[in-house]
Amino acid sequence: MKIATYNVNGINARLPVLLRWLETTAPDVVCLQELKAPTEKIPEQAIADIGYQGIWQGQKSWNGVAILTRNLEIQEVSRTLPGDEEDTQSRYLEAVVNNIHIGCLYLPNGNPAPGPKFDYKLRWFERFNTHAAALLALNKPVVLTGDFNVIPTEQDVYRPERWLEDALFRPESRSAFKILVDQGWTDALRKLYPNEPIYTFWDYFRNAYERNAGLRIDHFLLSPHLDSSLLAAGVDSDVRGWEKTSDHAPVWIELAD
DNA sequence: ATGTCAACAGAGTGTTGA
């Protein structure tokens with residue numbers, strides 16, 4: 001089974017890119033982030049026309065997440081991240097597909113840091129880590145995927161020294177990610193490619209994609225049950241070079257059935 | 001400091017967020 005994640009950066013602005021990518025690569029499950037549209041403005045029909053259906057949690061202007069499947073039943077588990085009743089941002093969806101628990105997340109960016117946005121990021125991260133521990137305790141196959149907005153290590157950024165003050169790379173963000181992984185999760189891309197640069201995001205500024213000045217901020221974390229099922233993983237980086245494309249590229253894993 | 005996008009309000013371009 002192939003599972004993909006893609007921060008589309010505006011589902012309506014990127015619709016031709018999204019459809020072309022889905023038709024070309026045909027993942028069984030797709031987690032989307034940054035829809036930037038309320039649920040009623042999500043192009044559900046165009047996506048259904050190429051064989052995908054699923055659950056959406058939209059929001060006007062910002063955020064928004066979705067989990068889509070192709071020929072697979074999807075059972076919704078949650079539309080919010082537990083732990084803060086007052087948090088109304090659409091950043092988390094959870095569903096069960098093929099007996100696998102899938103958490104689709106769009107972790108707050110957090111810039112500028114320090115400041116209230118960075119504080120929100122760190123609070124959200126703590127809530128997420130609490131929830132992730134509860135998912136591990138289920139003792140079931142779990143995949144956590146999406147835009148974590150964290151560069152885990154110096155290996156994951158083209159020039160680490162330029163990102164030291166950024167919310168994506170500050171010690172607090174890296175430390176929260178390490179605490180999460182150390183609960184017992186496997187960083188799927190890094191497991192298969194331990195020693196090479198892997199990027200999932202290239203800024204629109206200064207021809208970052210052409211210079212391969214990228215970051216790795218979109219991740220797949222696997223619960224221990226799935227460790228031995230991981231067959232392959234990759235980044236569809238060519239999509240980042242298409243016209244009217246997102247600043248992120250799709251990331252995918254292939255699991256044994 | 002800069003740079004590039006998209007959504008929005010509201011009608012031209014500035015603001016916000018990334």
Side-chain angles (χ1 to χ4, degrees), chain A residues 5-21 31-44 46-47 56-66 81 87-92 104-125 128 145-152 156-170 172-174 176-177 199-219 235-251:
Chain A
T5 190
Y6 188 18
N7 177 322
V8 290
N9 189 3
I11 193 163
N12 287 303
R14 313 301 178 199
L15 189 60
V17 167
L18 175 64
L19 296 176
R20 178 179 164 199
W21 167 71
C31 296
L32 301 176
Q33 302 87 35
E34 257 201 293
L35 305 177
K36 288 182 163 178
T39 303
E40 66 271 18
K41 287 194 181 165
I42 285 165
E44 225 173 322
I47 286 162
W56 313 84
Q57 185 67 18
Q59 183 179 333
K60 190 179 177 185
S61 302
W62 298 301
N63 310 318
V65 284
L81 180 68
D87 184 0
T88 56
Q89 299 193 24
S90 297
R91 294 181 175 276
Y92 189 71
C104 169
L105 66 137
Y106 176 45
L107 206 136
N109 175 297
N111 279 306
K117 291 191 179 173
F118 192 56
D119 296 341
Y120 174 64
K121 174 180 199 157
L122 296 180
R123 286 201 314 274
W124 205 96
F125 222 141
F128 183 71
T145 189
D147 179 0
F148 284 67
N149 267 315
V150 179
I151 302 164
D156 300 306
V157 46
Y158 65 105
R159 284 198 65 172
E161 67 278 11
R162 294 203 174 173
W163 289 81
L164 291 170
E165 299 301 315
D166 194 280
L168 277 58
F169 195 52
R170 284 178 72 101
E172 299 93 328
S173 307
R174 278 188 272 171
F177 188 79
Y199 300 141
T200 67
F201 169 93
W202 296 260
D203 226 314
Y204 288 122
F205 305 159
R206 297 175 294 262
N207 294 317
Y209 180 64
E210 288 72 14
R211 297 186 294 122
N212 198 26
L215 314 174
R216 188 171 76 101
I217 56 176
D218 302 271
H219 307 295
V235 180
D236 292 333
S237 45
D238 58 310
V239 175
R240 178 62 182 80
W242 295 359
E243 285 292 310
K244 295 281 285 176
T245 201
S246 169
D247 41 6
H248 296 250
V251 186

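Residue numbers start from 1 in every chain, and the chains themselves are labelled A, B, ... in the order their sequence lines are given, proteins ahead of strands. Note that these values count all heavy atoms, side chains included, but never hydrogens, waters or copies made by symmetry.
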ask   = What integer distance in Å separates A:N12:CG from B:dC5:C1'?
value = 15 Å
message = Please verify the inter-ring angle class for A:F148 with A:F128; under 30° counts as parallel, over 60° as perpendicular, anything in between as tilted.
response = perpendicular
inquiry  = Using a 4.0 Å heavy-atom cut-off, does A:Y209 contact any base of the nucleic acid, only the sugar-phosphate backbone, or nothing at all?
reply    = nothing
task = Using heavy atoms to find the nearest nucleotide of DNA chain B for A:N7 and A:D203 separately, return the residue whose nucleotide is more 5′.
result = A:D203
ask   = Between atom CG in A:N111 and atom P in B:dA1, what is the gap in whole Å?
value = 15 Å
task = Using whole Å, report how far OH of A:Y120 lies from P of B:dG17.
result = 13 Å
note = So NZ of A:K41 and CG of A:N12: to nearest 0.5 Å the spacing works out to 8.5 Å
message = Quick check: on DNA chain B, is the nucleotide nearest A:K117 upstream (toward 5') of the one nearest A:A37, or the reverse? Name the residue that is more 5'.
response = A:A37
task = Can you tell me, in whole Å, how much space there is between the P of B:dG10 and that of B:dT16?
result = 14 Å
Rounded interatomic separation in angstrom, taking CD from A:E34 and C1' from B:dT16 = 13 Å
Length of the CG-P vector between A:L168 and B:dG17, whole Å = 16 Å
task = State, to 0.1 Å, how close A:I217 and A:T200 come at their nearest heavy-atom pair, and which atoms those are.
result = N-OG1, 3.1 Å
inquiry  = Side-chain N or O of A:R14 versus OP1/OP2 of B:dA6: is the shortest distance under 4.0 Å?
reply    = yes
ask   = Between the base of B:dT4 and the side chain of A:R206, is there a donor-acceptor distance below 3.5 Å?
value = no
ask   = For the pair made of CH2 in A:W202 and P in B:dA18, what is the distance, rounded to whole Å?
value = 21 Å
message = Below the 4.0 Å mark, does B:dA6 have OP1 or OP2 next to a side-chain nitrogen or oxygen of A:K244?
response = yes
query = Hey, is the side chain of A:K60 poking within less than 4.0 Å of OP1 or OP2 on B:dC8, counting only N and O atoms?
reply = no
query = When the P atoms of B:dA11 and B:dT15 are considered, how many whole Å apart are they?
reply = 15 Å
task = Please state how far atom CH2 in A:W62 lies from atom C1' in B:dA7, giving the value in whole angstrom units.
result = 8 Å
query = Which one of A:Y199, A:W202, A:Y204, A:Y158 satisfies the ring-ring contact (aromatic ring centres under 6.0 Å, His included) criterion with A:Y209?
reply = A:W202
inquiry  = I'd like the P distance from B:dA7 over to B:dT2, given in whole Å.
reply    = 25 Å
Whole-Å C1' distance, B:dG3 and B:dG17 = 15 Å
query = Is the backbone N or O of A:N63 less than 3.5 Å from a side-chain atom of A:S90, with the two atoms forming a donor-acceptor pair by type?
reply = no
note = Separation of B:dG17 atom C1' from A:R91 atom CZ, nearest Å, is 10 Å
